[in-house]
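Notes to accompany the following structure.
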Protein chains: 2
Amino acid sequence: MIFIQNEVFKALADPTRRQILKLLSSGDMSAGDIARCFDMTKPSISHHLGILKAAGLILDERRGQNIIYSLNMTLVQDIIRWFFDFTKNDSEEERS
Amino acid sequence: MIFIQNEVFKALADPTRRQILKLLSSGDMSAGDIARCFDMTKPSISHHLGILKAAGLILDERRGQNIIYSLNMTLVQDIIRWFFDFTKNDSEEERS
DNA sequence: TAGATAATTAGATAAATATCTAAATATCTA
DNA sequence: TAGATATTTAGATATTTATCTAATTATCTA
């Protein structure tokens, strides 16, 4: 049984953060690029990026003045597996 | 692109609620049966069940004095599809 | 119908969180 | 090195949320 940290689910519970993940699924972006997509201050977006990073959902890399964020596909795959485990019924009476 | 309501992710953000879902993946249970699995008052569990139900993650049916809860597998499958969409890169430069 | 059992609702409270402004840090370039 | 740009950190605040106790609702059965 796969284990996913609580912080991962907490990170996913905010619509802004899920939108950030969607953006990153199309390609890596700098913090500024990401912030420009939202009607929110840069510190607020930075806060969300920090939560996503702490959860391991995104990775960061400084490139000059910019910090480039990318989606951590490995964790996304683990999450899919975690949900997929619900589709395997492990009760006795249901076994054919 | 599949859409999952914000309440679904909020419901998943609590460890007690995820544990309830795990329990229900093995088979339907009454509210009391569920409450007995936790070191928490019945009203607190009832609160969590209400949030899971409002999110559509669980279904309920009264059977005499008991209310039987079950996992809504259809929504679980939709969630899997939602995460799976992240694994399809839709950027131009990455296309082979 | 009275009492017992199962479950929820109401109301209170402490903790967590999303957001903002202001300040700090890091990097580049003229 | 001074100024500009990119980003984060600090600190404050309003809102949300998880939990509890007490009260209410629904059902069964003697």
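In what follows, chains are A, B, ... by sequence order, proteins preceding strands, each numbered from 1. Bear in mind the structure is a predicted one, so any value in this text is a computation, not a measurement.
Across the protein-nucleic acid pair, H48(B) atom NE2 and dT16(D) atom C1' stand 14 Å apart, rounded to whole Å. Computed from coordinates, the I68(A) CD1 to dT7(D) P distance equals 7 Å when rounded to whole Å. Between the CD1 atom of I67(B) and the C1' atom of dT8(C) there is a distance of 8 Å, given to the nearest Å. Summarising the geometry, the separation between CD on E61(A) and P on dT7(D) is reported as 13 Å, rounded to the nearest angstrom. Counting to the nearest Å, the C1' atom of dT17(C) and the CG atom of L49(A) are 16 Å from each other.
For S30(A) and dT7(D), the shortest distance from a side-chain N or O to OP1 or OP2 is below 4.0 Å. Residue N66(B) places at least one side-chain N or O closer than 4.0 Å to OP1 or OP2 of dA7(C).
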query = Can you give one letter per nucleotide of nucleotides 20-30 of chain D, 5' to 3': B if a protein heavy atom sits under 4.0 Å from the base, S if only from the sugar-phosphate, - if neither?
reply = BBB---SBS--

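If you check every strand for non-hydrogen atoms under 4.0 Å, I51(B) touches sugar and phosphate atoms only. Across all strands shown, Y69(B) has heavy atoms under 4.0 Å from sugar-phosphate atoms exclusively, and none from any base.
In this structure, dC28(C) forms a base pair with dG3(D), meeting either the Watson-Crick or the G-U wobble geometry with both donor-acceptor distances under 3.5 Å.
For the segment residues 9-19 of chain A, the set of residues with a heavy atom within less than 4.0 Å of an atom of DNA chain D is empty.
Judged as a salt bridge (Lys or Arg N to Asp or Glu O under 4.0 Å), not a single pair has a partner in residues 3-21 of chain B (not counting sequence neighbours).
In this structure, K88(B) forms no cation-pi arrangement with W82(B), as its terminal cationic atom is not both closer than 6.0 Å to the ring centre and no more than 45° off the ring axis. For the pair K53(A) and Y69(A), the cation does not sit on the ring face, since its NZ or CZ is not both under 6.0 Å from the ring centre and inside 45° of the axis.
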